[in-house]
Amino acid sequence: MNIILLGYPGSGKGTQAKVLSRKLGLFHVSTGDIFREELGRKTPLGEEVAGYISAGRLVPDKLVMEVLKSRLSTETRGLLFDGFPRTVEQAEALDAWFGSRGQAIDAVIFLDVPESDVASRLGARRTCTGCGKIYNTITNPPAKENVCDACGKPLMTRDDDKPEVIARRIQVYNDQTEPLLAYYRSSGIFHRADGSKAPDAVAEELVAMLSGKP
Ligand code: ADP
Ligand code: ZN
């Protein structure tokens, strides 16, 4: 089974992808996490993408596809895409690539949250520096301030969760990613989920939605 999660930055894709990939035995593919990991290791790819990410702009399609294809060439599990595709060009490249491997997308899930909620969610987001677990200082704080419940490491605010960059990311989503909804809506595999519910309730809805799938 191969699944795509779509939605605004801050719609909960990363949070849900972590739960779903564990429950369904899928490999979680977060292009954002891949780029941040390369950035952290200061690899040539990391240096190349740094400027785009800190400005809240998209990494060029060609680079995204190269990185994905090389990372996924030996992966045999089903894939759960989080943050990819992000442009119609990426969706077309994914179709061509999967077509050449005899694979298909089984479900596209749109995590629907109002645009007006996104900025406050991103501003309140904290990420664990150890295990990557995602918190929200208002709706889902850790037991001890700024410390991860799961692994005890400190939490951080992502550079691109700063207010100026958040506004740009929302605009980039509206301009370049929102058209993907129309791209997939007619495909028969498109599902909408209410992303404004609590994370556990969203996860339950998604698992129920997908349990009818092969
Ligand atoms: P979010 O969904 O919260 O915006 P991500 O972690 O998915 O965060 O992405 C962070 C940044 O990484 C994006 O703003 C963009 O610069 C880059 N990025 C991630 N995925 C892609 C992609 N598929 N295409 C282009 N750029 C991407
Ligand atoms: Zn942690």
Side-chain angles (χ1 to χ4, degrees), residues 1-37 58-59 61 64-113 118 121 125 127 131-134 169 172-173 176-214:
M1 184 155 72
N2 297 300
I3 300 173
I4 293 172
L5 283 182
L6 286 179
Y8 271 113
S11 58
K13 300 187 298 291
T15 300
Q16 295 302 328
K18 288 191 174 82
V19 177
L20 279 183
S21 56
R22 187 163 36 78
K23 288 205 170 149
L24 303 173
L26 302 172
F27 182 62
H28 176 193
V29 187
S30 162
T31 39
D33 285 351
I34 292 173
F35 293 141
R36 278 186 292 277
E37 188 210 307
L58 295 184
V59 172
D61 294 331
V64 174
M65 294 312 300
E66 273 171 25
V67 173
L68 272 187
K69 287 183 183 178
S70 79
R71 288 259 181 154
L72 298 176
S73 62
T74 58
E75 182 56 55
T76 54
R77 282 170 287 180
L79 304 175
L80 175 52
F81 289 106
D82 152 17
F84 172 87
R86 241 178 167 92
T87 63
V88 171
E89 288 72 21
Q90 289 178 18
E92 288 168 349
L94 174 63
D95 284 345
W97 177 39
F98 265 25
S100 72
R101 307 205 306 173
Q103 288 183 300
I105 305 292
D106 300 283
V108 175
I109 301 174
F110 170 46
L111 273 181
D112 197 0
V113 296
V118 172
R121 278 192 182 202
R125 174 159 68 184
T127 310
C131 70
K133 191 171 156 68
I134 300 163
R169 285 161 65 208
V172 165
Y173 175 89
Q176 303 194 57
T177 307
E178 209 268 343
L180 279 177
L181 300 185
Y183 183 89
Y184 287 119
R185 205 163 247 147
S186 55
S187 64
I189 53 169
F190 183 87
H191 307 265
R192 176 197 167 273
D194 181 0
S196 55
K197 297 187 293 190
D200 289 352
V202 177
E204 213 171 287
E205 180 178 346
L206 298 186
V207 170
M209 195 179 266
L210 292 167
S211 55
K213 296 270 162 193

message = Apply side chain to side chain contact (heavy atoms under 4.5 Å, CB included) to residues Trp97 and Lys69 and explain how you reach the verdict.
response = CA-CA 9 Å; Trp97 177 39; Lys69 287 183 183 178; 3.7 Å; yes
[X] to [Y] - nearest heavy-atom pair and separation:
{"X": "Gly7", "Y": "Lys13", "answer": "O-NZ, 3.0 Å"}
{"X": "Leu58", "Y": "Val172", "answer": "CG-CG1, 3.6 Å"}
{"X": "Leu6", "Y": "Pro85", "answer": "CD2-O, 3.9 Å"}
{"X": "Leu26", "Y": "Met1", "answer": "CD2-O, 3.3 Å"}
{"X": "Ala91", "Y": "Tyr184", "answer": "CB-OH, 3.4 Å"}
{"X": "Pro179", "Y": "Val88", "answer": "CB-CG2, 4.1 Å"}

Would you check if the side chain of [X] reaches a backbone N or O of [Y] as a donor-acceptor pair within less than 3.5 Å?
{"X": "Asn2", "Y": "Ala104", "result": "yes"}
{"X": "Gln16", "Y": "Pro199", "result": "yes"}
{"X": "Arg121", "Y": "Gly10", "result": "yes"}
{"X": "Thr31", "Y": "Gly83", "result": "yes"}
{"X": "Lys133", "Y": "Thr127", "result": "no"}
{"X": "Ser21", "Y": "Phe27", "result": "no"}

N-O pairing of Glu204 and Lys23 below 4.0 Å =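 No, this pair does not count.
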key: Short N-O contact, Arg36 and Asp33, less than 4.0 angstrom   =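 Asp33 and Arg36: salt-bridged.
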query = For the ring pair Tyr8 and Tyr173, is the centre-to-centre distance below 6.0 Å?
reply =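 Yes: the rings meet the under 6.0 Å criterion.
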message = Before you tell me yes or no, could you show the steps for Glu37 and Arg71 under salt bridge (charged side-chain N to carboxylate O under 4.0 Å, His left out), namely the whole-Å CA-CA distance, both residues' side-chain angles and the distance that decides it to 0.1 Å?
response = CA-CA 13 Å; Glu37 188 210 307; Arg71 288 259 181 154; 3.5 Å; yes
What is the distance from atom [atom1] of [X] to atom [atom2] of [Y], rounded to the nearest 0.5 Å?
{"X": "Glu89", "Y": "Gln176", "atom1": "CD", "atom2": "CD", "value": "8.0 Å"}
{"X": "Leu181", "Y": "Ser186", "atom1": "CG", "atom2": "OG", "value": "11.5 Å"}
{"X": "Glu92", "Y": "Thr87", "atom1": "CD", "atom2": "OG1", "value": "8.5 Å"}
{"X": "Leu111", "Y": "Lys197", "atom1": "CG", "atom2": "NZ", "value": "10.5 Å"}
{"X": "Gln90", "Y": "Ile4", "atom1": "CD", "atom2": "CD1", "value": "10.5 Å"}

inquiry  = Between Phe110 and Leu5, is the side chain to side chain contact (heavy atoms under 4.5 Å, CB included) condition met? List the steps.
reply    = CA-CA 6 Å; Phe110 170 46; Leu5 283 182; over 6 Å; no
Compare all side-chain heavy atoms of [X] with those of [Y] and state whether any distance is below 4.5 angstrom.
{"X": "Lys18", "Y": "Ile134", "value": "yes"}
{"X": "Asp200", "Y": "Val19", "value": "no"}
{"X": "Leu210", "Y": "Val207", "value": "no"}
{"X": "Ile3", "Y": "Ile105", "value": "no"}

request  = Check each of Asp82, Leu80, Thr15 against Leu20 using the side chain to side chain contact (heavy atoms under 4.5 Å, CB included) test, and report the only one that passes.
outcome  =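 For Leu20, the side chain to side chain contact (heavy atoms under 4.5 Å, CB included) check succeeds only for Leu80.
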Residue among Val64, Leu79, Val29, Val67 satisfying side chain to side chain contact (heavy atoms under 4.5 Å, CB included) with Phe84 =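 For Phe84, the side chain to side chain contact (heavy atoms under 4.5 Å, CB included) check succeeds only for Val64.
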Asp106 vs Ile189, side chain to side chain contact (heavy atoms under 4.5 Å, CB included): CA-CA, chis, key distance, verdict = CA-CA 6 Å; Asp106 300 283; Ile189 53 169; 6.0 Å; no
